[in-house]
Amino acid sequence: MEEKGEEILNRTVIRVENLGKDYQIRKRTERFWKDIFSRQYEVKKAVEDVNFEIAEGEIVGYIGPNGAGKSTTIKMLTGILQPDRGQVFVNGIQPGKCRVDNAKNIGVVFGQRTQLWWDIPVKDTLHLMKHMYHIPEQTYQENLKLYSDILGLGEFMHLPVRQLSLGQRMRADIACAILHNPQILYLDEPTIGLDIFVKENVRGFIHEINQKKRTTVILTTHDMSDIEKLCSRVMVIDQGRIIYDGSLLDLREQYGHMESIEAKGVWDDVFLEEIKRLPSVSVTQEENQIMIQYDSRKVDSDKILFLLMKNQRICDIKVHEQSLDGIIKQLYVCKEVRENGIFRVY
Amino acid sequence: MVYLEYIKNAFKSQMYYRMNWGMKIMGIILSIFLQLCLWNVLADDHSDIVSMSYMVEYILLGCMVKSLTASNVVDLVNGHIGSGQIAMDMIKPIRFQLYMFCESLGNGLFSCLFEYFPIVVIFSIFMKSFGLWGRIDIFFLASTFLGLCLYFVLAYCLALTGFWWTQTWILGRFLNDLVGLFSGKMVPVWMFPEALLAVSRCLPFQHMYYTPISMVLEDFTLMQKCSLLGVQLFWCLFFLFLGKVIERRGMYRLQVQGG
């Protein structure tokens, strides 16, 4: 996965212009008879003025808090939902208008739903996909073998879907979504509820498909390790608007400046006060362990480490970069970023 | 081809629930038995109006037609819309309406071949109406298929209101009541009082049930048979068109929230 940092600049496969979608939500009052005779609705802007382009072969992480508009965007890209404003072009096709044509070139996995037939074995659904996408027999057999090997489908291929575990179902769903070698793969929380082994398996598979078949992948997830291991580019959406669109590297550089140092030893108050006097530094102590958090733009870690090393009674020390989770959390709450508009680097 | 696969899968799904199958068989036997008993009493008292042999054939043929429309289309379609499963249907390169039709047809074929057909054959032997099978022709089959299509497109139109109202099971029930009253499912249409007959003629319901049966039991000329098929086709196309309009508008109202 080392190649993930490579910039892949190819032809644009997805173009989104001023995309917007509203949801009508019924307002209920305390007086139920009033609700019966006069219904009031409020309009929630699920997606507002979203613009981006995605090139062939990119793996893009599309992240945001719950209800931010991630899934709604994906549903408009796949043609499930019709945009209220703006336009979407996927390979030059408008999915909302030509849903069936668009569906031939895409694969979709919604982590919370399944496209497998509930009562019949997985192999029967895969066979159905073969007919649905007119997959030639040779390609079907090759893909089936490849995906069975990587995803371990063989062990549960003959079981009805209702008897599968969540991990098995997810692997089967992913196989179904890419059996026809789609150009674009939309993955909406594909690792939700999976254990660490299955997650690794799924991530490895997505990476391999991207490398081998140059499949463009759009991944929405709340698991930042999915993003770190797969995506070279990240788009962050909040309250329906894109608040960041750029490389993961730039995201870290721009917003990953809150670092921390964890140290074990014997501490006296004078020494801790000296550290606290440094700009942007906060210190928390729990018995013999201290956690120093600081803004790396305002104070060098060397300076803090130098002070710590002066203390002869130190026995362990660890320096932590800000986690991607922390960066994203900061981005969600950081008002300045929004006021400055979209940050775009790619 | 893919739609044939859908029919096959719907068929296979039904085979997994043997307990349901057993209970349905019991229900069908009881239902036919009860109808035969009732009509036996009525035929005894009013032999000038209705003959028992006619009613036996009517009930048995009716069972075959009914079996194909056994799937509750309104619940089926509305289930997909209400649960958001429609999102998974829309990512596939297939027409939603055709997919729903195939699933409904697969369920109906299973019901027809494995639930109703064996029982109807047994009853036809016991009731000495085996000659009935010799009179089944292409007109009956075509009319039954059009009746099935008509039931589907009409129910589909109602189910699509789920885009606006989310829960439409009550409409499904209402449709079944209307079909029960006007289609000839309970009483042959020609037995209706004049007023009800006049209303029934203006509605599509009798073409789902009574028209296919009448292809075998009534002495129609070729012309009459063809014109009845034409009327069935007209209603099918009417509701197909209506369904397309509702579907197009409804898709703009579709909300699939929560992932």
Side-chain angles (χ1 to χ4, degrees), chain A residues 21-25 44 46 66-67 70-72 74-75 77-84 95-96 99-121 124-125 127-134 160-162 173 176-177 180 182 186 188-189 192 220, chain B residues 1-21 71 76 79-100 102-103 106-107 110 163-167 244 246-259:
Chain A
K21 177 79 187 171
D22 299 338
Y23 285 132
Q24 241 187 11
I25 299 163
K44 188 196 173 223
N66 289 329
K70 303 182 296 292
S71 296
T72 303
I74 298 290
K75 280 168 194 148
L77 292 174
T78 51
I80 296 168
L81 296 180
Q82 304 285 340
D84 288 332
R99 183 186 62 79
V100 173
D101 287 338
N102 180 57
K104 288 174 188 164
N105 301 316
I106 62 166
V108 188
V109 176
F110 287 114
Q112 298 180 48
R113 302 184 194 280
T114 181
Q115 60 174 316
L116 302 166
W117 207 292
W118 196 243
D119 296 312
I120 59 173
D124 287 354
T125 306
H127 193 253
L128 177 71
M129 295 294 158
K130 180 191 162 195
H131 290 286
M132 190 181 294
Y133 293 99
H134 307 291
V161 174
R162 61 186 149 82
D173 255 315
C176 271
H180 58 293
Y186 299 98
D188 191 356
E189 300 184 45
I192 193 168
T220 82
Chain B
M1 190 64 185
V2 62
Y3 295 105
L4 201 66
E5 287 294 316
Y6 266 115
I7 295 171
K8 260 168 66 182
N9 281 1
F11 200 90
K12 280 183 194 169
S13 293
Q14 294 288 319
M15 296 175 90
Y16 277 89
Y17 298 101
R18 288 178 200 172
M19 181 67 185
N20 280 3
W21 179 74
S71 169
L76 180 72
H80 280 250
I81 296 171
S83 67
Q85 186 60 25
I86 191 171
M88 302 312 293
D89 306 327
M90 305 273 285
I91 59 172
K92 295 168 186 151
I94 49 164
R95 302 277 162 204
F96 180 64
Q97 189 182 23
L98 257 178
Y99 161 45
M100 287 290 103
C102 290
E103 191 163 341
N107 292 341
F110 179 86
F163 284 122
W164 287 268
W165 299 327
T166 314
Q167 289 292 330
K244 286 281 169 206
I246 301 173
E247 187 182 285
R248 192 163 291 179
R249 294 180 77 92
M251 287 301 176
Y252 278 93
R253 290 194 57 98
L254 178 63
Q255 294 192 1
V256 186
Q257 283 165 306

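Computed from a predicted structure; not experimentally measured. Lettering follows sequence order; numbering is per chain, from 1.
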Which atoms of A:Pro160 approach chain B - backbone, side chain, both or neither, heavy atom under 4.5 Å: side chain

Evaluate the criterion side chain to side chain contact (heavy atoms under 4.5 Å, CB included) for residue pair B:Tyr99 and A:Met132; output intermediate values, then yes/no. CA-CA 11 Å; B:Tyr99 161 45; A:Met132 190 181 294; over 6 Å; no

Is a side-chain N or O of A:Arg99 found less than 3.5 angstrom from the main chain of B:Lys92, in a donor-acceptor match? yes

Against chain B, label A:Lys21 side chain, backbone, both or neither, depending on which of its atoms sit under 4.5 Å from a heavy atom there. side chain

Of all the heavy-atom pairs spanning B:Ala87 and A:Ile80, show the shortest one and how long it is. O-CD1, 3.4 Å

Specify the closest pair of heavy atoms between A:Asp124 and B:Asn9, including all atoms of both residues, with the distance to one decimal. O-ND2, 4.1 Å

Got more than 12 heavy atoms from elsewhere within 6.0 Å of CZ, B:Arg249? no

Indicate the atoms forming the closest heavy-atom contact of B:Pro93 with A:Lys104, along with that distance. CB-CG, 3.7 Å

Most contact-rich option vs chain B, by heavy-atom pairs under 4.5 angstrom, among A:Ile192, A:Leu128, A:Ile120, A:Ile74, is A:Leu128

Flag side-chain contact, heavy atom, 4.5 Å: B:Met90 against A:Thr78: no

CA sep, side-chain torsions, deciding dist, call: B:Ile91, A:Tyr186, side chain to side chain contact (heavy atoms under 4.5 Å, CB included): CA-CA 10 Å; B:Ile91 59 172; A:Tyr186 299 98; over 6 Å; no

Apply side chain to side chain contact (heavy atoms under 4.5 Å, CB included) to residues B:Met88 and A:Thr114 and explain how you reach the verdict. CA-CA 7 Å; B:Met88 302 312 293; A:Thr114 181; 6.0 Å; no

Region of A:Tyr133 in contact with chain B, defined by heavy-atom distances below 4.5 Å: side chain

